[in-house]
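Remember, it's 1-based here, ligands and their atoms both numbered in the order they're listed.
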Amino acid sequence: MFSKRIRNVQPSATVQLANKVKRLKKQGLDIISFTLGEPDFPTPKHIVDAAKDALDNGMTHYAQSNGMPELREAISDHIKPKNGIHADPEDIMIMPTKFALYAAIQTLISKGEQVIFQNPGWVSYGPMVTMANGTPVPVKMSYEDGWNWNPEDIRSHVTPRTRAIILNTPSNPTGSVIPEETLRAIGDLAEEKDLIIISDEVYENLVYDVEHFSIGSIDKIKDRVVTVSGFSKSYAMTGWRVGWMVGKKEIMRMVNKLQQHSITCLPPFIQMGAVAALKCGNQCILDMRDEFQQRRDLLIPLLNEIPGVSCEVPQGAFYAFFKMDLGFKSMDLAEMLLYKSHVALTPGSAFGSAGDEFMRMSYASSRENLIEGVKRIGDFVKSLEKGKEL
Ligand code: GLU
């Protein structure tokens, strides 16, 4: 009854788990959830007001399929100084960020072509490649090596069938930031082997102590790079579903066909909210970023106090990806923590084989929640130890 494409993929662990937590909370369970990567701040008021004004002014019909010129121009102006990417408005597509990744893969990957990405890496890259009839090739990084992605490891996985590399910096789930030097080496490899790079930079504004570098700013490879970013994480706009893709015009024209035959366009009032977000300067996102940094600095030492837990300080995004060395698989630990201790974490195995001893905890949650969540995890570990003694 169902296509092989859809039968071949599992549900999204992050989205499914968040749904489950919502259901359990509705049943009255006092669960603290650190599953979804979603800022807990409201969308800044001036953004909401701009969208409301647009609604009041009748912007409730179709917009251009590739995005409203106002927003594409604002993004073009924004990414020149910020990312070093010199793109005309015609080199930009307005899409939900996640859909942009899906669309890039659908547009660029043909049956049997291999796509390399980080392991551990975000839950949807593999399924997106599978749904394009491509072959996912997750390439491991290790905790011991600071979750650094080694260009030589990537090279050793390149075959004549390799078509693309997906990069995610800062990374979900590890929080690691790929240094410029490594990105340049990956760029050289892409040029040598004639590969495309799809660069997912949705956490680009959430970096702490280090600089974000966009691989699409490297002039000699810019035509083979598609950069995807968006408003969800930096501007607390997850529910708005708005982001962008930038790359050379020929690619954008092809992606636009996919948009026209699927979602048509993004709602114009949403796009006007996004214009307001870019026009307001950086202060609102810097305040949120600073708060995430302080939460990170609160959380990581607390986690490291729990016996069997170890966590390096993440440089970006808003996830603690910590090792839980208790002799259980991460999926089993997640179930036990949820049902026994009422704390919801995403099991590391959802992000690939290299994540199996790890748990992901989003710190886009209040300080009170983080403190209470760590207490519950600590009590759970103590209860296991007591159980062993009996
Ligand atoms: N990207 C976020 C996360 O990893 C939201 C859910 C999703 O799209 O996977 O939690």
- Task: Give the atoms of ligand 1, by number and element, whose distance to some non-hydrogen atom of L36 is under 4.0 Å.
- Result: 5 (C), 6 (C), 10 (O)
- Is it the side chain, the backbone, both or neither of N172 that has a heavy atom closer than 4.0 Å to ligand 1? side chain
- Between K220, R184, R224, which is the residue that forms a salt bridge (charged side-chain N to carboxylate O under 4.0 Å, His left out) with E191? K220
- Side-chain donor-acceptor contact under 3.5 Å, S229 with E201: no
- Message: Please list, in number order, the atoms of ligand 1 under 4.0 Å from a heavy atom of K233.
- Response: 1 (N), 2 (C), 5 (C)
- Have a look at ligand 1 and work out which part of T14, if any, has a heavy atom under 4.0 Å from it: side chain, backbone, both or neither. side chain
- Please test F318 against Y203 for ring-ring contact (aromatic ring centres under 6.0 Å, His included), starting from the C-alpha separation and ending with a verdict. CA-CA 9 Å; F318 39 50; Y203 296 96; 5.6 Å; yes
- Item | Aromatic centroids of W244 and F231 separated by under 6.0 Å | yes
- Message: Suppose I only count heavy atoms of Y319 and a 4.0 Å limit; which atoms of ligand 1 are within that range?
- Response: 2 (C), 3 (C), 4 (O), 10 (O)
- Message: Could you check whether N205 and K233, counting side-chain N and O atoms only, form a donor-acceptor pair closer than 3.5 Å?
- Response: no
- Does R360 have a non-hydrogen atom less than 4.0 Å from ligand 1? yes
- Item | Nearest protein heavy atom with distance in Å, relative to atom 8 (O) of ligand 1 | K98 NZ, 2.8 Å
- Give the C-alpha distance, both sets of side-chain angles, the deciding distance and a yes or no for side chain to side chain contact (heavy atoms under 4.5 Å, CB included) between Q260 and T264. CA-CA 4 Å; Q260 290 169 1; T264 309; over 6 Å; no
